[in-house]
K.L.:
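Below you will find the structure I want to go over with you.
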Amino acid sequence: MSFQGLDVKEIVIDHETLSVRIREMAMQIKQDYQGKRLKLICILKGAVFFMVELAKSLSDVSLTMDFMDVTSYGASTTSCGEVRILKDLDEPIENDDVLLIEDIVDSGLTLRFILKQLAGRNPASLKICTLLDKPSRRLVEVPIDYCGFAIPDSFVVGYGLDFDQRYRNLPFIAALDESKLPPE
Ligand code: 5GP
């Protein structure tokens, strides 16, 4: 299969399946955050599509949103383990019930760094919501509270996830044909 000139091995999660699961996650979050000051924090850029869909499914919940950008893989497909804040939150999170929205948890290094940063800012609570999880790749444990899909170890793109900043706008999650990737 080829999309935008990209060699895709297979579609791992189609658009309909993503939509259904995100609505389910929203229902759970709505129940859990009744009466709380919910703030969604989107980790740019990969989690944008997921957070927008999730937020639309929470249309009857009063919430705020903020965005944080950290270093990602660039053109490579594995984490270098170094994380740096490129864009910090606009607002303080003190006393907020913060739900961190991630696209995918791989080694866990990025989330561990972000959690440590945000925990020091005294939120009322701090939880993690990720669309995808690759548990077999974990190097450090991170407590995931909401997970859309656990997937096997392959490099995926689409629905916000990129390869070299491209393919984020595919409306599904697809596995790259890794034989076509440049050597690390
Ligand atoms: P970690 O720090 O958990 O190793 O990596 C987290 C970040 O790496 C994710 O937010 C994402 O940007 C990137 N990442 C990890 N696995 C994949 C993958 O399969 N595809 C893409 N496109 N990015 C990934």
Side-chain angles (χ1 to χ4, degrees), residues 1 3-15 17-18 21-22 25 40-54 65-89 98-119 126-184:
M1 267 176 286
F3 295 93
Q4 301 175 20
L6 171 76
D7 289 302
V8 163
K9 201 164 47 181
E10 58 178 334
I11 293 179
V12 182
I13 310 170
D14 64 36
H15 185 250
T17 308
L18 286 167
R21 180 71 186 120
I22 293 171
M25 294 172 86
L40 304 181
I41 292 186
C42 176
I43 309 303
L44 296 168
K45 302 172 181 124
V48 167
F49 283 55
F50 174 41
M51 188 177 88
V52 167
E53 277 310 304
L54 191 69
M65 299 177 199
D66 208 340
F67 298 82
M68 188 173 211
D69 195 2
V70 296
T71 46
S72 60
Y73 295 171
S76 171
T77 58
T78 54
S79 178
C80 59
E82 278 192 29
V83 185
R84 194 162 52 91
I85 296 178
L86 299 176
K87 183 220 167 289
D88 207 337
L89 300 174
V98 171
L99 187 55
L100 267 180
I101 311 294
E102 255 290 24
D103 51 359
I104 187 165
V105 184
D106 189 33
S107 69
L109 292 167
T110 309
L111 261 184
R112 184 177 66 172
F113 171 86
I114 295 171
L115 278 177
K116 209 171 154 193
Q117 289 286 322
L118 298 188
L126 181 54
K127 289 189 174 185
I128 296 173
C129 174
T130 186
L131 179 61
L132 304 175
D133 183 15
K134 286 199 276 194
S136 63
R137 300 253 313 166
R138 200 74 90 250
L139 293 179
V140 294
E141 270 321 304
V142 282
I144 297 178
D145 299 282
Y146 305 93
C147 173
F149 303 88
I151 60 168
D153 176 17
S154 70
F155 192 80
V156 291
V157 294
Y159 215 77
L161 290 144
D162 74 308
F163 174 62
D164 207 8
Q165 296 304 325
R166 293 162 62 81
Y167 315 112
R168 294 190 196 277
N169 60 327
L170 295 175
F172 45 76
I173 302 286
L176 280 189
D177 183 348
E178 300 197 24
S179 66
K180 303 283 176 15
L181 291 177
E184 281 165 21

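Counting starts at 1 for both ligands and their atoms, following the listed order. The structure displayed is predicted, hence computed values, not measured ones.
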K.L.:
Counting heavy atoms only, name the option from Leu176, Ile43, Leu111, Thr110 that's nearest to atom 7 (C) of ligand 1.
P.N.:
Thr110
K.L.:
Report yes or no: does a heavy atom of Phe163 sit under 4.0 Å from some atom of ligand 1?
P.N.:
no
K.L.:
Mark up the atoms of ligand 1 that fall under 4.0 Å of a heavy atom belonging to Asp103, in ascending order.
P.N.:
9 (C), 10 (O), 11 (C), 12 (O)
K.L.:
For the side chain of Arg21 and the backbone of Cys147, is there at least one donor-acceptor N/O pair under 3.5 Å apart?
P.N.:
yes
K.L.:
Spell out, as yes or no, whether a donor-acceptor pair under 3.5 Å connects the side chain of Arg84 to the backbone of Thr71.
P.N.:
no
K.L.:
Is atom CZ of Arg138 surrounded by more than 12 heavy atoms (other residues, nucleotides or ligands) closer than 6.0 Å?
P.N.:
yes
K.L.:
With respect to atom 3 (O) of ligand 1, which of Ala47, Gly108, Ser154 exhibits the smallest heavy-atom separation?
P.N.:
Gly108
K.L.:
May I ask you to test the Ile13-Ile151 pair for a side-chain heavy-atom distance under 4.5 Å?
P.N.:
yes
K.L.:
Which of the atoms of ligand 1 are close to Ser107, meaning less than 4.0 Å from one of its heavy atoms?
P.N.:
1 (P), 2 (O), 3 (O), 4 (O)
K.L.:
Examine ligand 1 and decide if any of its atoms is less than 4.0 Å from a heavy atom belonging to Lys134.
P.N.:
yes
K.L.:
Is it the case that ligand 1 has an N or O less than 3.5 angstrom from some N or O of Val156?
P.N.:
yes
K.L.:
Backbone, side chain, both or neither: what part of Leu139 comes under 4.0 angstrom of ligand 1, heavy atoms only?
P.N.:
neither
K.L.:
Could you list which atoms of ligand 1 come closer than 4.0 Å to a heavy atom of Glu102?
P.N.:
10 (O)
K.L.:
Using modelled atom types only, decide if a donor and an acceptor are shared between the side chain of Lys134 and the backbone of Ser154 within a distance under 3.5 Å.
P.N.:
yes
K.L.:
What atoms of ligand 1 come within less than 4.0 Å of a heavy atom belonging to Asp162?
P.N.:
21 (C), 22 (N)
K.L.:
On the 0 to 90° scale, with breaks at 30° and 60°, tag the Phe163-Phe155 ring pair as parallel, tilted or perpendicular.
P.N.:
perpendicular
K.L.:
Between Phe149 and Thr17, is any pair of side-chain heavy atoms under 4.5 Å apart?
P.N.:
yes
